[in-house]
Amino acid sequence: HAGIQDYLKILNDGGGIKGRKIKYVAEDTAYKVDASVAAFNKITGQEKVSLYYGDSTGFSKTINPELERRGSMLMAGASFATELNDPKKFPLQFMAGPDYTEMFGILLRYIAKEKPGARVAFVYSDSEFGRDPIGPSEAVAKELKLSVVEKIVTPPGSVDVSTEVLKLRRANPDFTIFHGYVLAPIPEFVTQAKQMGMKSQFMGTFWTMDNSTVQRMGDAAEGFMGVMPYRYYYDKDGTAPMLEKIRQMRPEYQSTGYLQGFVTAMLMAEAVKRTLEAGKELTGANLKAGLNSIKDFDTGGLFGVPISIPGNSVPVGRIYRFDAKAKQMQPASDWIKL
Amino acid sequence: MTASPILEVSGVSLAFGGVRALSDVSFSVPEGAITAVIGPNGAGKTSLFNTISGFYRPQAGSIRFAGTSLDGVRAPQRAARGLARTFQNIALFRGMTVLDNIKLGRHAHMRTGVLDALFYWGRAQKEELELRAEIEERIIDFLEIQHIRNASVGTLSYGLQKRVELARALAMRPRILMLDEPVAGMNREETEDMARFILDVKEEWGVTILMVEHDMGMVMDISDHVVVLNFGQVIASGTPREVQGNDAVIAAYLGSGDVGAIARRIKAEAA
Amino acid sequence: MAGPAVLDVNNVEVVYNRTVQVLRGLSLQVPEGEIVALLGSNGAGKSTLLKAVSNLLSLEDGDVTAGAIRFRGDDIAALTPHGLVRRGLFHVMEGRRIFEDLSVEENLTAATFALTGRKLPAADFDLVYNYFPRLHERRKGLAGYLSGGEQQMLAIGRALIARPSLILLDEPSLGLAPKLVEEIFAIIARINAEQKVSMLLVEQNAAVAFAVANYGYILEMGKVVIDGPVEKLMRDQDVREFYLGLGGAGGERSYRDIKHYKRRKRWLS
Amino acid sequence: MDALFLAEVTLAGLGAGALYALTGVAFVLIYKATRVVNLAIGEILMLGGYAFLGFAAGLGLSPWLALPLAIAAGGALGWLVERALIRPMLGESPISVFMVTIGLGSILAGVVQLGWGADPLRLPEFMLSTPVFIGEAYLAPKVAIGFVAAAVVIGLFLALFRFSRGGVALKATAADQGAAYSVGIDVPRVFSVAWILACATAAGAGVLVGAIGGISPTMGVFGLSVLVVVIIGGLDSIAGALVGGLLIGLVEALAGAFLGGEFKLVVTFALLLVLLMVRPYGLFGTHEIERL
Amino acid sequence: MRIGTLKTSYAADEALFDSSLQRALLVLLALAAIAFPFVASPYWLFLACLCAINVASATGLNLLTGYTGLVSLGQAAFMSVGAYTVAVLEIRLGTPFFINLLVGAGFAAAIGVLVGIPSLKVKGLYLAIATIAASVILHFLFSHWSLTGESRGLSMPPARLFGLTLDQPFLLYWLIMPVTCLMVLGAANLLRTRIGRAFIAIRDRDISAEVLGIPLLRYKLTSFAISSFYAGLAGGLWAYFFRVVTPESFPLVNSIFYLAAIIVGGMGTILGGILGAVFMTLVPELLKFVANWATPIYPDALAALAPVRTIVFGGLIVGFLIIEPRGLAEIWRRLRRFFHLWPFRT
Ligand SMILES: Nc1ncnc2c1ncn2[C@@H]1O[C@H](COP(=O)(O)OP(=O)(O)OP(=O)(O)O)[C@@H](O)[C@H]1O
Ligand SMILES: Nc1ncnc2c1ncn2[C@@H]1O[C@H](COP(=O)(O)OP(=O)(O)OP(=O)(O)O)[C@@H](O)[C@H]1O
Ligand SMILES: [Mg+2]
Ligand SMILES: [Mg+2]
């Protein structure tokens, strides 16, 4: 939310896109589908909207037929659900990063490189979010000659994971990937596993990977790894003019969620720009075409490498590792493009 | 009593865990008369009523009503066949008006199904209006409760509540009316009213009455036949006069009949 | 009247739900050591008066809007219900109100809270079992399964545990067999005589009430319409007819002879 | 499955079960005294966790000072809730009162989210962390501590009811307030005490639960499992809460270990349904006395 | 001011609306409902449809909980049965929508009966928890069964009628509103017959009801069946309205929402179910307006909206129960009496 606002401010202060300013209207939805749909109807009822940013996976799915029917908008969402990364089914949507399966793919690729034939375990929550990448990722692991030795499901909202840790210990994986959580129960999982003397490397995906989140894992954070498509706020390597601008606007640390909003807004604006440059009308299909024409685009250093958007996602990411002394996630690999 | 029995209780036994509420109880209720069941507290009178109306299932014995056995017949069907009753602790439905409480008594005799009810205009409406007319003209007038028909039962005095309960039982088209302590907690005047209604129901409606009551004045005056229970067993039965003179009944139930004398003696002793 | 009044009710008015007025300027006294009977038809406000005295009205959204009630000289308005019990005023409520899913013994234990804060010897269960041997037999059983009479005994037994100086008894004969009524009233008389407990007794059964009481009040529509020593009341024509059911000639009227039209009582007051 | 694994799973299950039991006891306490089914128990537990965090991290107090303070805060909340919400509901239908507690739960969850944000947080470490081995079987130290604490508190409550009149007062008050007054029981105090004790217990349990799994505004769902526990044990039985808690903890652990985590909830609820058909008032709950 | 109406026949006394003024108001209301879609923005139409769906479901729950006294926390789960059935039928068979709706509702009713079976033995809150158990099991089933799309759920095509595709609130309004009105009317009718009386009797004192000729199990199950039929129908409408059904569409909070709606509205009155459902649906929207309006003064207003909404939801339940336990319907009744007697009394 703040990320989108900030980017649009930069954009509008700089004269907008071809002289057009972008107006931003926000509504809160509490991640409830019906509230989101209500908000959608309200906003589109009051304004002529070209770009829409939705929240949950459920909403993105619900509203899709309506989007197609209207054909006037391009939509992005906070969700990286694999299902949404299908340009045929969701032609007018995109996400500003890799989908969850792609995130797993990046992690697995890294693992395969570090330790060929490693034993991997997936720990995920029993929710749509948690289950999302598991099936396809198993196939990917197989391709990479990794063995998935255990898949552990935790019920949503569960706090006590003792039995799951016991299960994990029996499987004795080299790498354990958590997905479908923000924080709990990862720290307890890691702490107990370490107490039992397990040597597994623990990893997470986007929503776990914000620096402040990992910090809150306490002792369990040490050495925690995961995949992140963006650079962190404090990352000063290389040239990143946009990141510099953000740091000027907001002197304190900004979360990866902020960056997500920022990048999304940037990509949306780019799509608008390209559509207008091509002299076409701002319809959903044209905007999407504009978006897909993005190739080796420089995001001002927010993504570490120039990106392309072949479909609905930006399949790029990098592995980071938490350094307890610096209290920061530090890069542990190069940028990996799928 | 020469009339044939409408209700026959034979060899009924009922126990709750270790407590034997009824053991081998047999008696019959002649048609068209008032039969009273009396006995000490805990003798099993209410349990007997509950057994007859099908709320409890006896461990042994059987009950015949109007010539057919009630074994295996569940409470609601018994009500439908004409076994109506009132309760010792008033069991009116506080969320309904007097009129609805009375209408409820007719439940088992109505035919309206869920679909009829959802559409209402048609069969359901016809049936409801017939019921309303009958209740108004026969029951409400008879019991003199016109003025409270739309009151909610919770606000009524105790005596009126008992009367509404009686009205509801009458709406059940009873062949036998079982009254559990109809005048408990009433003063002399209200007791007289109730006694008059009971006699009228018997005489004008031809309904058989079976009643439990501790008010000996009323029981002995209006009943034709008395059955005495003690510890779940029938210890005597006969006309009021016969029972009143029975030594076992006096010892177990009636007592000396003179509290004043006892009280005076105690005071004298204390002084 | 003999002795100082334990209870003094003065011109009390009670209103339920801020709308229904039930007591209209009612006054009465209970002298030390005596039994006072309170009679009246259904809904006259007898139970309401007792609840006002024991300060339980607020539970049913009732209020004393005028007048004063004094127990041993203290205005009860300033006291809590349990505070009153702990000072020795015990209310045996209408309908017995025993704790059904507690055993008989636990019901008595509950009443020992009435002794809190009083310098009395430990609660004496034997005193109760002495008066009511039936309760001793069933002391381990759940009170809810007692018969009506036994429950009434338990309710009075709880009062005994509390060592009160005044018991308010609400319809102790309700639903009891004649013999049991006799027994209970004999015990009431004994308790009054032996324990020197004063009592305010509400009854429908006027005959037994008059047998044990010294003084009586008759209540109609929330007001006292007649009062006096029991002997005087028993000579009153209306009391004879409407409360004792005695015909004009003195013999008992039969219920069979009641005509469809009858004289309704009218108290002039 | 080897025996060691089974033993470890069982231990873990019993450890979790002890916390269920502890919270269950808090629930039962309130039900016993006031016949209120307190669906906010999960949120009160959550508030205990946040209060601890507030005292320990926010004010920088030592955890050993923060713990009693959090428990006291729970007690204070109990007092307040009883005064402000429950007492005015005296005499209303049980559904209404139980809805009030649902509303309360919603309010508490909202307040916590407003104050601390929606993200999960971790409590400062304050318990020893050397792993516990029973024989060869591993037991997470926090779980072991939780178990011991729960056992001690439940033992105390059981003793209290066995050897004092308190239990009778609770039951009497719940059964009939008017009658309880009339035998000299200080009804408002019984209510207050029950709520204070229960909420303090729940808050303490919240610190334990939070120490194990972190705290978040959705932590209240813990209350759902506790509900299963007390229904299985019987709403008004402390022993029932104990047995039910351990049973559910164990069943969840076994279901999680052998069927998968997604089965935990469904297995316990299925068990609950089956049990209710056989024993409508739970294992130890008292039957309502129904007479015509 | 109106003077007491005098009735000359029993039929008039038994009518639902007992005065001509009331009937005139009703006609006005109906006209307004017909005119509404032509003047309202899609957003308001959306809200109107949502309100109607919630009214239908709340009315069903009111029959079960408010009238029969069986507390259920499974209403949302029954809705999900209806919604999934409709979605599966629409996707797999493509049968006409009214058939799908009826089958969905019927199926929900069957499940309702199944869930209701324990109600004979299990009472009060034990029963409420049993219904939670049923919802948990249903949720598990839907999120693990391939037919229902597992945790991803199902997206379905819109309803079609005479070649018209019902995919906007404007068109759906003409489906949802009439169905809801019929359902509410049906419930009101039901309640003035022996069936309604039997429900209330069971609520007030079930054991004596049996001795008065009311078979308990049959009526408790009937109540469950009707209530979940209503839920199923509402769920079916929901499915056509949102066109995606996921396991998270009908969480336990929604069951609580419906219970809260009938409590806030007034349990055991038809009007209460309607008022409560509408009120509880609109309050969050109102909050949004307030937050938008407050944003210039207090920039974090939007961020605080989620917790504030939770607090307000809880606060409404608590507040109503403490201040006006009989809910909006009672307030409405008092208002009416006030105007009824207007110049003479307050
Ligand atoms: N549901 C029950 N469970 C256990 N015991 C019961 C039950 N119902 C009745 N009893 C017992 O059965 C016996 C008979 O009770 P019942 O109520 O029939 O007596 P009663 O003759 O009606 O007495 P009263 O004149 O006081 O009403 C009593 O001892 C009572 O405790
Ligand atoms: N909680 C209440 N709310 C409103 N009105 C009440 C309440 N309790 C009693 N009343 C009314 O007050 C009047 C007196 O009731 P009360 O119980 O004092 O009568 P009573 O003399 O004890 O009668 P009974 O002989 O039936 O016990 C009755 O008309 C009754 O309807
Ligand atoms: Mg009896
Ligand atoms: Mg009274």
Side-chain angles (χ1 to χ4, degrees), chain B residues 49-50 52-55 74-81 83-87 89-96 99-101 103-121 123-125 127-133 135-136 149-150 153 165 168-169 171-172 178, chain E residues 4 7 9-16 18 59-60 63 66-69 109 182-219 221-227 229-230 267-269 326:
Chain B
F49 268 30
N50 285 341
I52 295 173
S53 48
F55 184 66
R74 301 182 61 89
Q77 280 96 334
R78 295 188 191 198
R81 291 194 193 176
L83 270 163
R85 70 175 286 189
T86 65
F87 301 88
N89 305 307
I90 296 181
L92 288 172
F93 302 107
R94 302 179 75 85
M96 286 193 259
L99 193 58
D100 278 340
N101 264 285
K103 281 181 181 171
L104 192 97
R106 182 55 56 80
H107 183 91
H109 296 283
M110 297 175 79
R111 295 278 74 86
T112 305
V114 173
L115 280 184
D116 292 334
L118 285 169
F119 295 114
Y120 189 75
W121 297 277
R123 263 192 293 178
Q125 185 178 33
E127 199 175 41
E128 286 294 317
L129 291 180
E130 280 168 13
L131 169 65
R132 174 76 191 269
I135 285 177
E136 288 283 346
R149 69 160 79 84
N150 287 321
V153 291
E165 249 204 337
R168 185 177 64 191
M172 293 169 76
M178 303 197 287
Chain E
K7 282 150 214 146
S9 74
Y10 295 135
D13 199 27
E14 302 262 321
L16 275 181
D18 56 0
T59 303
L63 288 177
Y67 285 94
T68 322
L182 283 179
M183 285 163 81
V184 170
L185 190 66
N189 279 337
L190 194 75
L191 289 168
R192 49 187 178 145
T193 62
R194 69 170 191 151
I195 294 169
R197 288 193 294 270
F199 285 171
I200 298 176
I202 290 172
R203 174 190 73 192
D204 285 0
R205 209 176 142 76
D206 59 355
I207 53 174
S208 43
E210 180 151 42
V211 179
L212 293 169
I214 297 166
L216 280 191
L217 185 60
R218 173 160 4 128
Y219 277 90
L221 293 186
T222 305
S223 184
F224 261 103
I226 298 176
S227 155
F229 185 91
Y230 272 52
M267 264 216 265
T269 61
R326 280 183 291 175

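Everything numeric here is computed off the predicted structure, so don't read it as measured data. Lettering follows sequence order; numbering is per chain, from 1.
For E:Ala209, the parts lying under 4.5 angstrom from a heavy atom of chain B are both the backbone and the side chain. Heavy-atom distances place no part of B:Arg78 under 4.5 Å from chain E, backbone and side chain included. For B:Arg168, the part lying under 4.5 angstrom from a heavy atom of chain E is the side chain only. Heavy atoms of B:Ala124 lying under 4.5 Å from chain E belong exclusively to its side chain. With a 4.5 angstrom heavy-atom cutoff, B:Leu92 does not touch chain E via any of its atoms. Proximity to chain B (any heavy atom under 4.5 Å) is shown, for E:Phe229, by neither the backbone nor the side chain.
Of all non-hydrogen atoms in E:Asn189 and B:Phe119, the two that sit nearest each other are ND2-O, 3.6 Å. Residues B:Ala79 and E:Val211 come closest through the heavy atom pair CB-O, 3.5 Å. Taking both residues in full, the closest heavy atoms of E:Arg205 and B:Phe93 are given as O-CE2, 3.6 Å, listed atom of the first, atom of the second, then distance. Shortest non-hydrogen contact noted between B:Leu118 and E:Ala187 is CD2-N, 4.4 Å. For the pair B:Val114 and E:Ile226, the tightest heavy-atom approach, listed with the atom from each and the gap, is CG1-CD1, 3.9 Å. Across B:Pro76 and E:Pro215, no two heavy atoms sit closer than the pair CG-CA, 3.6 Å.
Contact count against chain E (heavy-atom pairs under 4.5 Å) is highest for B:Lys103 among B:Gln125, B:Arg94, B:Lys103. Each of E:Ile200, E:Leu216, E:Leu191 has some count of heavy-atom pairs under 4.5 Å with chain B, and the biggest count is that of E:Ile200. Between chain E and the residues B:Met96, B:Arg106, B:Met172, the largest count of heavy-atom pairs under 4.5 Å involves B:Met96. Taking chain E as the reference chain and counting heavy-atom pairs below 4.5 Å, the highest number among B:Gly105, B:Ala84, B:Ala133, B:Ala169 is found for B:Ala133.
Here the CG atom belonging to B:Asp116 is positioned 9.5 Å from the CZ atom belonging to E:Arg194, to the nearest 0.5 angstrom. Note that CG of E:Leu212 is 4.5 Å distant from CZ of B:Phe87, once rounded to the nearest 0.5 Å. Interatomic distance, CG of E:Leu190 versus CG of B:Leu115, reported as 10.0 Å (0.5 Å rounding). To the nearest 0.5 angstrom, E:Thr193 atom OG1 is 9.0 Å from B:Glu127 atom CD.
The side chain to side chain donor-acceptor pair (under 3.5 Å) check on E:Arg197 picks up B:Glu128, with sequence neighbours excluded. The salt bridge (charged side-chain N to carboxylate O under 4.0 Å, His left out) test applied to E:Arg203 returns no partner, not counting sequence neighbours.
Here the side chains of E:Ile214 and B:Leu104 are in contact, with some heavy-atom distance below 4.5 Å.
A 6.0 Å sphere centred on CZ of B:Arg123 holds no more than 12 heavy atoms belonging to other residues, nucleotides or ligands.
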